[in-house]
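Let me begin by presenting the structure, written as C-alpha cells, before commenting on it.
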Amino acid sequence: VKPVFMLAEATEKELTDNAFDMVYNWPLLFMLDNICKGTNNVSDLRELVLKQTSDLAPDAYYMNHVTNHDRNTWDGTEFERYGAAVKSFATLTYVWPGMPLIYTGQEVGMNRRLEFFVKDTPPVKEKNEWYAFYKSLNDLKHNSKALRAGEQGGEVKVYETNNENVLVVSRILDNEEILYIGNISKDEVSFHFTENAPEGEFENYFTKEKVLVPAELNLAAWDYLLLVKNDNNNDEQSTKNNDNNQTAEPQNPEQSQEL
C-alpha cells in the first residue's frame, strides 16, 4: 500500500492513535479569536502550548492556522478578526509545534471573504509584502531543525515575564533556538523576564541584525519579535565586543517603540 498523509478536519487525539497523521488545531484558532474578543488571555495560550506538546500520538501533528475555508467565509478574514495582530499570530503558528496552513489568498494578503457555495475567483498571485512575509516564514520552517513537526522538532520552552500580556515561546534543539516574543494586547507594554531569560546572541529573523535580548523590553500594541540563535553559525562572532550588537527591535516599523 502506498503511504499517504492523512489530515482530519477534527481535533480529537483518538484520531491520531491509529489513523490520521494530522488534525486541525481548532483550540489555538479559537483561542486567538477569543483573545481579540477579550475572553481568553496569554495565560491560556501558555497552558495550551505546553498541553499540546504531548496530547497527540507521538508521530502526529497539529495543523496551525489563522484562517481557513470556514473561518474566512462565515466569521471573517484574519484581518477582520485580528486586525493589527495578523502578522504576530501568523508567526506564532510557525513557532507553535505542528505544521502551518496557508489558505487560498492568505499568501498575498487577501482581505475579502470568498464565496462558499458558488464559484469564486481567488486573488492574483503577486509578489507583494505578504508574499515576502510568508515566503520568509516558510524558509525558516523548512530550514530549522528546531521547528520540525512531531518527535523530530525541538523542545517547547515558555519564558516567564512580569507582564500578563506578553507571550514568550521558543523551540530549542541542540544549539538552535527559535524565539517568539509577542505583545498579545492592544496596549503598549514594558516588561522584563522574571526567571530564566534567553541567553546569547540572536539574529532578528526579519531584519538580519545581530541582537542581545535586553533586560527590559518595550513592544507596541500587537507587536512581536522573531529571533533565531544557532550557536554553530556564531563561532566567528563570539569574540566580538557586545557593544557592537544591536538591541532587539519590534517587527512593525510603524508601531515600533524605542527599547
Side-chain angles (χ1 to χ4, degrees), residues 11 13 23-56 60-66 78 81-100 137 141 144 146-151 153-173 176-199 202 205 213-229 248 250-251:
T11 195
K13 172 189 181 300
V23 294
Y24 272 66
N25 200 341
W26 296 120
L28 175 59
L29 179 70
F30 294 155
M31 190 168 289
L32 294 178
D33 285 359
N34 290 336
I35 282 174
C36 291
K37 296 174 183 177
T39 56
N40 277 119
N41 55 40
V42 170
S43 178
D44 298 323
L45 277 175
R46 292 192 192 104
E47 291 180 9
L48 182 64
V49 71
L50 293 174
K51 174 180 179 293
Q52 288 192 343
T53 59
S54 60
D55 64 357
L56 293 181
Y61 319 144
Y62 279 105
M63 186 173 70
N64 308 321
H65 52 300
V66 296
E78 62 269 34
R81 291 180 290 113
Y82 301 146
V86 171
K87 283 189 175 180
S88 176
F89 288 177
T91 299
L92 180 60
T93 65
Y94 278 73
V95 178
W96 200 279
M99 186 183 299
L137 288 176
K141 179 70 173 178
S144 168
L147 293 185
R148 287 175 177 172
E151 295 178 296
E155 168 196 357
V156 175
K157 182 171 183 177
V158 177
Y159 290 93
E160 298 294 331
T161 78
N162 68 330
N163 193 299
E164 63 182 8
N165 291 322
V166 173
L167 177 67
V168 185
V169 176
S170 82
R171 303 285 303 283
I172 303 171
L173 183 64
E176 183 185 31
E177 181 171 9
I178 310 297
L179 182 67
Y180 168 91
I181 306 175
N183 173 12
I184 314 298
S185 79
K186 58 181 176 53
D187 301 310
E188 179 187 350
V189 296
S190 297
F191 62 96
H192 62 262
F193 294 93
T194 55
E195 297 181 8
N196 296 329
E199 297 180 350
F202 286 80
Y205 181 67
V213 179
E216 188 82 15
L217 292 92
N218 301 319
L219 287 176
W222 304 114
D223 209 354
Y224 70 105
L225 292 163
L226 181 61
L227 306 179
V228 176
K229 179 176 69 174
Q251 299 310 140

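Please read all numbers here as calculations on a predicted model, not as lab measurements. The chain is numbered in sequence order, starting from 1.
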Please check if the side chain of [X] supplies one atom and the backbone of [Y] the other of a donor-acceptor pair under 3.5 Å.
X	Y	answer
K229	E199	yes
E195	E160	no
D223	L219	no
N64	P97	yes

Mind checking what makes salt bridge (charged side-chain N to carboxylate O under 4.0 Å, His left out) contact with D44, not counting sequence neighbours? none
Between D55 and K13, is the salt bridge (Lys or Arg N to Asp or Glu O under 4.0 Å) condition met? List the steps. CA-CA 7 Å; D55 64 357; K13 172 189 181 300; over 6 Å; no
With heavy-atom distances below 4.5 Å as the criterion, would you say the side chains of [X] and [Y] are in contact?
X	Y	value
V95	L226	yes
W96	V169	no
L45	M31	yes
R171	V156	yes
V166	V189	yes

Using the six-membered ring wherever Trp is involved, compare the ring planes of Y24 and H65 and label them parallel, tilted or perpendicular (cut-offs 30° and 60°). perpendicular
Do the ring planes of F191 and F193 sit parallel (below 30°), tilted (30 to 60°) or perpendicular (above 60°)? perpendicular
Please name the pair of heavy atoms, one in N183 and one in A220, separated by the smallest distance, quoted to 0.1 Å. ND2-O, 2.7 Å
